[in-house]
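Contents: one structure, followed by commentary.
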Amino acid sequence: MAAVARGGVFSMPLWEGSPIRHGLVSEARQRLPEWLADGKSLVMVSDESGEDELVVTTESATAERHRRGRRPDPGRVRTLHPSPTDREAVAITNHRHELLLVNPSSGRTKLVHHSPFGWTAGVSWSPDGAYLAFGAVTSRTTSNICIYEVGSGRTHMLGTPEFEDWSPSFDPEGKYLAFLSVRAFEPIPDSHFHDYGFPRGGMLMLVPLAADRPSPFTPSQRSPRAPGAPPEGGPPKPPEPAGERPDGETTPPPPPPPATTKIDFEGLAERTVAFPTPPAVYSRIVLARGRALFLVHPLEREANFGEETNGGARLDAWDFGNDKAETIAEGVTGFTVSRDGKVIAYRSKKALRVVPVGFKDDKSGNERPGRETGFVDLERLRVEVIPGAEWKQMFSEAWRLQRDHYWWETMGGVDWPSIHDRYRDLVDRVASRAEFSDLLWEMQGELGTSHAYELGGDYRPAPVWTQGHLGARVAYERGGWKIVDIPHGDSWDQRSSSPLAAPGIDVAEGDRILAIDDRPVDVKVSPASRLVERGGRTITLTVRRGRGKARRVVINPLNDATRLWYRAWVRGNREYLAERSQGKIGYIHIPDMGPAGFSEFHRSWKSEVDRQGLVIDVRFNRGGNVSQLLLERLLRERVGYLITRWRVPSAMPDDAPMGPMVCLTNENAGSDGDIFSHVFKMKGLGPLIGTRTWGGVVGIWPQQSLVDGTITTQPEFHTWFTDVGYAVENFGATPDLEVINSPQDYSRGFDRQLEVGLEELLKLIEAAPGAPEFGDRPLTRPPAFPRLS
């Protein structure tokens, strides 16, 4: 097997022998190693010349490495796919949305496909190397499977641009092509609103390549067969285990000649059939011997900024011999199949397992590395790191990432090569990882563009001391610690509820804290100091009410009180506006434009949408990418009402806002918070009140890390507006009414921006037409007929 660790490529036997490192140590980065058709040579991407290029080496670390004879620009290589039969043919995809066919010895390069819409979505060689299937992004919203004939250079599209098709895979016998497609439209109702969605839209597809080959899923088209035998013309059944040699090594059978792939392109799209599996969220499919392997992802909530998710998918297999799907393993983050379709390697958490294609996890829990379990001992890898050399390589790669991904090829007029030369000399003076981080920030800051970040990296572990929180504001008064304020959160959510407000605790504002875990608190020792490393752990709190007797209560302090105080702040603003307006004004705060902000907006929307006016608050908004979804809600207009006998009239659309709105913003609203603020004003939804926003609307899509895990972000997506063009970047959204919350306002608990928003909205409500008068209801009785004499 070949593996990558810290920018170095290693080849190693699965369970015996020692790893061999290929290439330079720390001075260059190697990526994406793949075995060439001869099974002895590795091709990889290396930047030892200062640019990405293909390098070929053999299994021996002392063997000669050779690069291409000439060096056309391959771009930032994203994936690499050697031909199964031709050692001199490697397909690569790059950041420019290109699919290239490269000869790694001569450097000759041929452009197979280029899309102006997106990256190539999967590549697969036919077993005889005659065809190359790939996912081509054909429009802003569709992608198609294409098949490229290597000999003639012709490309055939499978079907018409209608769905999203990707992840093609030829079977080892060259009889079928499988791929993934988002083409299931099964509406699932929303729990909160009159809405539907399609969260399970993925399907597994299969195409018989020859016109006379039947579908393996249709029994009526198959010949009778013995139990367990593969269907006629279907992928062959998994191989039997190899025999044992006296020395304990397996005896591999001689490799058969590659199967010839025959494709009848006429009517190919009409032969597409679906696997008899339910629509789901799929991410990869590979045809192997007798099986189709695919990843199935659970439906789960979207993670918020910085949150970790459970991760992993279910690795399932469709067995062509038994006509059924079964689960192979769970918690899988990636898998691959050997070229002959006989062996699977899959990753689960930090473990790597290599097993026969007919494998199914017995869930025994035995993870001992070895041939019996299939687990590979990755501890055999030992990686040498030379920090100074590694920092030089990381610096150059970070510079190239900006050069290749920045949203404008001119780099905004910045002489980017000279920036490299200016800062490169400083790398030799860097003495620590933190100093190197500072250097990257300064270099990327030369672009004068938002969202050029450097995050993470390999730092020595530092001790972390967590803080427990009572979920209350306390103050030292008259010789003791008094509970001044217990905020009201959500009692049904422990993360946003004060432990002091839990049922049966009976602790109130004004009570005094005497001790924590029987250790006194006083003028020198605060409650916070007693709560270090106590978050989430049970403690005993000694409190006294007035002149009463001291008593002890047991609580669980919070690990983080942010959600509690945020909920109390939102509730306080909402109650203040409702009281001052006699219930006319509703309040919605959006903390970010990610999953948390999307959730918070819709939580508030249900209770506030029918108010006569709305205050939309995006102050301190951290950005994200859902502003367009929220603005769509605000732009809805009531065009009518549903009149019933027993209920009050309801609006149509039923979740359109009832009356005028204002938006509060400030200098801490940025990124998609900038965009929301500007579009709110641009579309005339109401006055924008507060201070000019942050001014950063060039978006990012972090895709790649440096060798030590550092993430650098490249400003890739500039936002252009129909009214001001590019002008929001580096300037911000300008409010209609500038209102500054001064430090004096903050110290006395006065929110001037909220107050002005209230005053302006009351004026708008006064001028608004209000709820309609529905008038007399029509009579539907038939007219009186005249009497006939």
Side-chain angles (χ1 to χ4, degrees), residues 2 4-11 20-34 36 41-58 60-82 87-96 98 100-111 383-406 409 411 415-428 436 440 443 704-708 710 712 714:
V4 178
R6 194 89 179 204
V9 168
F10 296 81
S11 60
I20 296 173
R21 179 163 186 160
H22 304 266
L24 303 173
V25 175
S26 296
E27 296 179 25
R29 182 182 188 180
Q30 289 83 39
R31 302 185 292 121
L32 307 174
E34 294 286 346
L36 290 175
S41 304
L42 278 168
V43 61
M44 65 193 74
V45 178
S46 177
D47 65 357
E48 56 197 80
S49 68
E51 296 288 345
D52 271 4
E53 59 181 352
L54 297 192
V55 171
V56 176
T57 185
T58 65
S60 171
T62 59
E64 180 182 359
R65 292 160 57 83
H66 64 271
R67 302 196 292 266
R68 301 178 308 199
R70 57 192 181 91
R71 292 177 48 202
D73 178 16
R76 175 76 178 185
V77 180
R78 291 181 55 82
T79 62
L80 191 151
H81 313 269
R87 189 180 184 277
E88 303 297 340
V90 179
I92 67 172
T93 66
N94 65 20
H95 76 288
R96 296 191 296 253
E98 295 171 334
L100 304 174
L101 201 55
V102 179
N103 183 317
S105 296
S106 68
R108 287 193 301 271
T109 301
K110 183 175 183 179
L111 177 64
V383 183
E384 180 182 359
V385 176
I386 305 173
E390 188 176 78
W391 293 335
K392 292 177 184 177
Q393 185 280 325
M394 291 168 60
F395 172 86
S396 294
E397 185 172 6
W399 178 88
R400 292 197 308 271
L401 285 170
Q402 292 290 358
R403 178 198 65 186
D404 294 341
H405 292 83
Y406 191 77
E409 64 273 14
M411 307 298 290
D415 186 351
W416 198 235
S418 72
I419 296 298
H420 175 276
D421 296 342
R422 183 193 310 171
Y423 283 87
R424 171 62 178 75
D425 293 338
L426 297 176
V427 181
D428 292 330
F436 178 71
L440 284 186
M443 178 190 71
Q704 301 169 87
S705 61
L706 305 181
V707 293
D708 76 339
T710 299
T712 61
Q714 297 78 47

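The shown structure was predicted, so the numbers you read here are calculated from the model rather than taken from an experiment.
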Pairs under 3.5 angstrom only: tabulate donor-acceptor contacts from the side chains of residues 386-397 to other protein residues two or more places apart or in another chain.
unit_1, atom_1, unit_2, atom_2, d
Glu390, OE1, Arg6, NH2, 2.9
Glu390, OE2, Arg6, NE, 2.9
Lys392, NZ, Asp428, OD1, 3.2
Gln393, NE2, Asp47, OD2, 2.8
Gln393, NE2, Glu397, OE1, 2.9
Ser396, OG, Lys392, O, 3.4
Glu397, OE1, Arg29, NH1, 3.2
Glu397, OE2, Arg29, NH1, 2.7
Glu397, OE2, Arg76, NH1, 3.0
Glu397, OE2, Arg76, NH2, 2.9

Handout entry: Heavy-atom side-chain contact between Ile92 and Thr79 under 4.5 Å
Key = no

Practice task
Not counting sequence neighbours, which residues clear side chain to side chain donor-acceptor pair (under 3.5 Å) with Glu34? List them please.
Solution key: none

Problem - Test item: Leu80 and Arg31 side chains (from C-beta on) under 4.5 Å apart, heavy atoms - result: no

Practice task
For Arg87 and Pro104, work out which heavy atoms get closest and say how close.
Solution key: O-CG, 3.9 Å

Fill in the blank from the handout: Separation between CE (Met411) and CD (Gln402), nearest 0.5 Å, reads 6.0 Å

Practice task
Might you point out which heavy atoms bring Val707 and Gly7 nearest each other, and give the distance in Å?
Solution key: CG1-CA, 3.7 Å

Exercise for the section: Any chance you could measure Leu32, atom CG, to Arg78, atom CZ, to the nearest 0.5 Å? Expected result: 10.0 Å

Exercise for the section: Check salt bridge (charged side-chain N to carboxylate O under 4.0 Å, His left out) between Arg96 and all other residues, then give those that pass, not counting sequence neighbours. Expected result: Asp73, Glu98

Problem - side chain to side chain donor-acceptor pair (under 3.5 Å) against Asp404, all qualifying residues, sequence neighbours excluded - result: none

Handout entry: Side chain to side chain, Arg400 and Glu51, heavy atoms closer than 4.5 Å
Key = yes

Problem - Side chains of Pro417 and Asp415 in contact at under 4.5 Å (non-hydrogen atoms) - result: yes

Problem - Trp399 (side chain) donor-acceptor with Trp416 (main chain) under 3.5 angstrom - result: yes

Problem - Minimum heavy-atom distance Gln30-Ser46, with the two atoms named - result: NE2-OG, 3.5 Å

Problem - Interatomic distance, Thr710 atom OG1 to Gln704 atom CD [nearest 0.5 angstrom] - result: 13.5 Å

Fill in the blank from the handout: CG of Leu36 to CE of Met44, rounded to nearest 0.5 Å, is 9.5 Å

Problem - Flag, side chain of Asn94 to backbone of Pro74, donor-acceptor distance under 3.5 Å - result: yes

Practice task
Nearest 0.5 Å please: distance from the CD atom of Gln714 over to the OG1 atom of Thr712.
Solution key: 4.5 Å

Problem - Qualifying residues under side chain to side chain contact (heavy atoms under 4.5 Å, CB included), relative to Ser705, sequence neighbours excluded - result: Ile711

Practice task
State, with a plain yes or no, whether a side-chain heavy atom of Met443 is found less than 4.5 Å away from one of Leu440.
Solution key: yes

Exercise for the section: Would you mind reporting whether Val55 and His22 have side-chain heavy atoms less than 4.5 Å apart? Expected result: no

Practice task
Evaluate side chain to side chain contact (heavy atoms under 4.5 Å, CB included) for Leu54 paired with Val45, printing each intermediate quantity in order.
Solution key: CA-CA 5 Å; Leu54 297 192; Val45 178; 4.0 Å; yes

Fill in the blank from the handout: Closest heavy-atom pair, Leu42 versus Ala2, reported as atoms and distance to 0.1 Å, is CD2-CB, 3.8 Å

Practice task
Give a yes or no answer on whether the side chain of Thr109 reaches the backbone of Gly107 with a donor-acceptor pair at less than 3.5 Å.
Solution key: yes

Problem - Shortest non-hydrogen contact between Val383 and Ala5, atoms and distance - result: CG2-CB, 3.7 Å

Exercise for the section: Not counting sequence neighbours, which residues clear side chain to side chain donor-acceptor pair (under 3.5 Å) with His405? List them please. Expected result: none

